[in-house]
Amino acid sequence: MNFELKQLDLIGAADEKADVMVLLVPKDFKPGKDGLSLLVSGAIKSGDLEATAGKCLSLYRPLQAAATRLIVAQVADGSARSVRTAVLAALTAGKSPNLKKLVVCFAQVAKEESVRAAVHAVADATYAYTTTKSKPTPRVLSKVIIGLANPADVTPVFERAVATVAGVELAKEWANRPANHATPQLLGEAAQALAGRAKISCELLGPKEVAKLGMGSFMAVAQGSDQPLRFIVLRYNGAAKSKAPTVLVGKGITFDSGGISIKPAGDMDEMKFDMSGAASVLGTFKTLSLLKPAINVVGLIPACENLINGKAVKPGDVVTSMSGQTIEILNTDAEGRLVLCDALTYAERFKPRAVVDIATLTGACVVALGAVRSGMFSGDDELAAGLASAGERAQDLCWRMPLDDEYAEGLKSNFADMANIAGRTGGAITAAKFLQRFTEKFAWAHLDIAGSAWKSGAQKGATGRPVGLLVEFLLGQPLDK
Ligand code: BES
Ligand code: MN
Ligand code: ZN
């Protein structure tokens, strides 16, 4: 799918050939004397295009435009959210097997965040998963023109949005793949495929190397599966070696059965998405490879299955993490923190400016925040503010959660330095408190994406979040620190 930014006023838009043209109209639309203007102002006057974002009017072979189908869509206040709503609604109305060329045209001067929202919404609405279908119906849309009166104002944001969409789609692809098509080894190969591109290198560690590093906690999760674990180390070097990198750590549980503390059967298939954090790291690196910013980034992915065989870790087993701290595994289903803690310790060697882990960590986070916002945890106010504002800019929202020490009390163990679970309440926070014990040497934040990384039900599928947030966060940070 090729995106192009083009200068178009309504007169130009009328001449633009397309299978579908979406014309985004604000509630304070100021008509000119051209045919499209008259059509739109007539529709508004007659009450057929209400001033609510997402209201659409569809026309076939209209006299006023060269496009085969014209969808006039209301963007009300013109905010990023309204543009997203309008584009999604218009493309639902304009769904067609013949949609090869699409024009999305702003009928008013467009803001940066609105252009970004339009690019993301077009990609979301037309995404198609095909990898494991025998008769795939891939996306036929090949050309998308974003038309507006002021392209020069928004070119950098447009280019960033197009590169981010490519990262989001790589994240969707890997998160959507079933676990037998996305094993730890295959995830490792996906990371390797990114290397060799501009400024990216990749190192894959297997069971032997991980044992040598002393990652006893990660190994405890992996030991119940016949698939060998992988520890993936990605590096993006866009700046001088002396610049401290930001480290992204993605939870890469390619399938989470719960282990001996097994999960109920209903919806267990969705635990193929338990490597969405890892997928978001891969996606972010894809975007970095396209934008080539002058920063350094490290991506760490502990990848394994949480399964059950004769060697599987048992409730009550005590393991020694790479940090030296011992952990009593009271619940084998709280495995994400067990793989992440060793990756966090590994992150120390990069002397990072900040470490952000991304994980489908707790059902409790889904209860707390639903699918709208990811949970964000950090003891560092500056880092927390940076992530929150990146989320706002990308419209990939998160919400800061507390980390009071009292929440850690339930992690006490009679047989180890800590247990891997606390009581029933505040589960997203107690999980974060567990991770925090492995982050003393750097500024750290944790994103719990259990609710935001995928959709259930008829729309079941990965969302590609929080690639948008991560890209904005990485590119938004000052370089001179
Ligand atoms: N991968 C799950 C978290 C999850 C559950 C994400 C449901 C999305 C939907 C994680 O490994 C897990 O099982 N967490 C447990 C922790 C508990 C045992 C303390 C949970 O949330 O139930
Ligand atoms: Mn689990
Ligand atoms: Zn899990």
Side-chain angles (χ1 to χ4, degrees), residues 175-176 179 182 184 187 217-218 220-222 224-225 229 249-280 301-308 312-317 327-341 343 357-375 377 401 407-413 418-435 446-457 460-463 465-466:
N176 279 334
L187 266 195
S217 185
F218 177 24
V221 177
S225 160
L229 63 78
V249 181
K251 172 177 171 182
I253 298 295
T254 58
F255 189 77
D256 181 11
S257 72
I260 300 282
S261 315
I262 195 164
K263 288 184 180 295
D267 295 330
M268 208 210 270
D269 65 291
E270 294 193 6
M271 284 300 123
K272 71 171 185 177
F273 293 117
D274 211 17
M275 35 59 75
S276 297
S280 77
I301 297 172
C304 70
E305 292 183 330
N306 186 21
L307 240 58
I308 319 169
V313 70
K314 302 167 291 298
D317 283 2
I327 303 163
E328 183 184 16
I329 301 177
L330 286 175
N331 188 318
T332 64
D333 198 10
E335 85 297 339
R337 61 199 80 181
L338 295 174
V339 306
L340 291 169
C341 69
D357 76 69
I358 308 103
T360 47
L361 203 63
T362 64
C365 192
V366 190
V367 174
L369 294 173
V372 181
R373 288 182 187 253
S374 307
F377 303 77
M401 303 278 278
Y407 285 110
E409 265 158 36
L411 292 171
K412 284 195 182 123
S413 160
M418 69 192 95
N420 77 327
I421 51 164
R424 277 172 48 83
T425 59
I429 312 169
T430 55
K433 289 305 285 182
F434 177 94
L435 294 177
H446 158 59
L447 293 170
D448 193 333
I449 57 166
S452 56
W454 76 87
K455 291 182 185 150
S456 305
K460 191 187 288 183
T463 61
R465 290 174 68 184

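Just so you know, ligand 1 is whichever comes first in the structure, and atom 1 is the first atom listed for that ligand.
Here the CZ-NZ distance, from Phe273 to Lys460, works out to 7.0 Å after rounding to the nearest 0.5 Å. Note that NZ of Lys272 and CG of Asn176 are 5.5 Å apart. Values are rounded to the nearest 0.5 Å. Phe255 CZ to Glu270 CD: the interatomic distance, rounded to the nearest 0.5 Å, is 10.5 Å. Taking CE of Met401 as the reference point, atom OG of Ser374 lies at 11.0 Å (rounded to 0.5 Å). Here CE of Met271 is found 11.0 Å from CD1 of Ile253. Values are rounded to the nearest 0.5 Å.
A donor-acceptor pair is defined here as one N or O able to donate and one able to accept, closer than 3.5 Å; no such pair exists between the side chain of Ser452 and the backbone of Ala371.
For the Mn ion (ligand 2), the nearest N, O or S atom contributed by Asp256 is named OD2. Glu335 has its closest N, O or S atom to the Mn ion (ligand 2) at the position named OE1.
In the model, Thr360 has no side-chain atom that pairs as donor or acceptor with a side-chain atom of Ser276 under 3.5 Å.
Distances shorter than 2.8 Å separate the Zn ion (ligand 3) from the protein N/O/S atoms Lys251 NZ, Asp256 OD2, Asp274 OD2, Glu335 OE2.
A salt bridge does not link Asp357 with Lys251: every distance from a Lys NZ or Arg NE/NH1/NH2 to an Asp or Glu carboxylate oxygen is 4.0 Å or more.
When every heavy atom of Val339 is checked against every heavy atom of Pro302, the shortest pair comes out as O-CG, 3.6 Å.
Thr362 places a side-chain heavy atom less than 4.5 Å from the side chain of Arg337.
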At less than 3.5 Å, what protein N or O atoms come close to the N or O atoms of ligand 1? Include the distances to 0.1 Å.
unit_1	atom_1	unit_2	atom_2	d
ligand 1	1 (N)	Lys251	NZ	3.3
ligand 1	1 (N)	Asp256	OD2	3.2
ligand 1	1 (N)	Asp274	OD1	2.9
ligand 1	1 (N)	Asp274	OD2	3.0
ligand 1	1 (N)	Thr360	O	3.3
ligand 1	11 (O)	Lys251	NZ	3.3
ligand 1	11 (O)	Asp256	OD2	2.9
ligand 1	11 (O)	Asp333	O	3.1
ligand 1	11 (O)	Glu335	OE1	2.8
ligand 1	11 (O)	Glu335	OE2	3.0
ligand 1	13 (O)	Lys263	NZ	2.8
ligand 1	13 (O)	Asp333	O	3.0
ligand 1	13 (O)	Asp333	OD1	2.8
ligand 1	13 (O)	Asp333	OD2	3.2
ligand 1	14 (N)	Leu361	O	3.4
ligand 1	21 (O)	Gly363	N	2.7

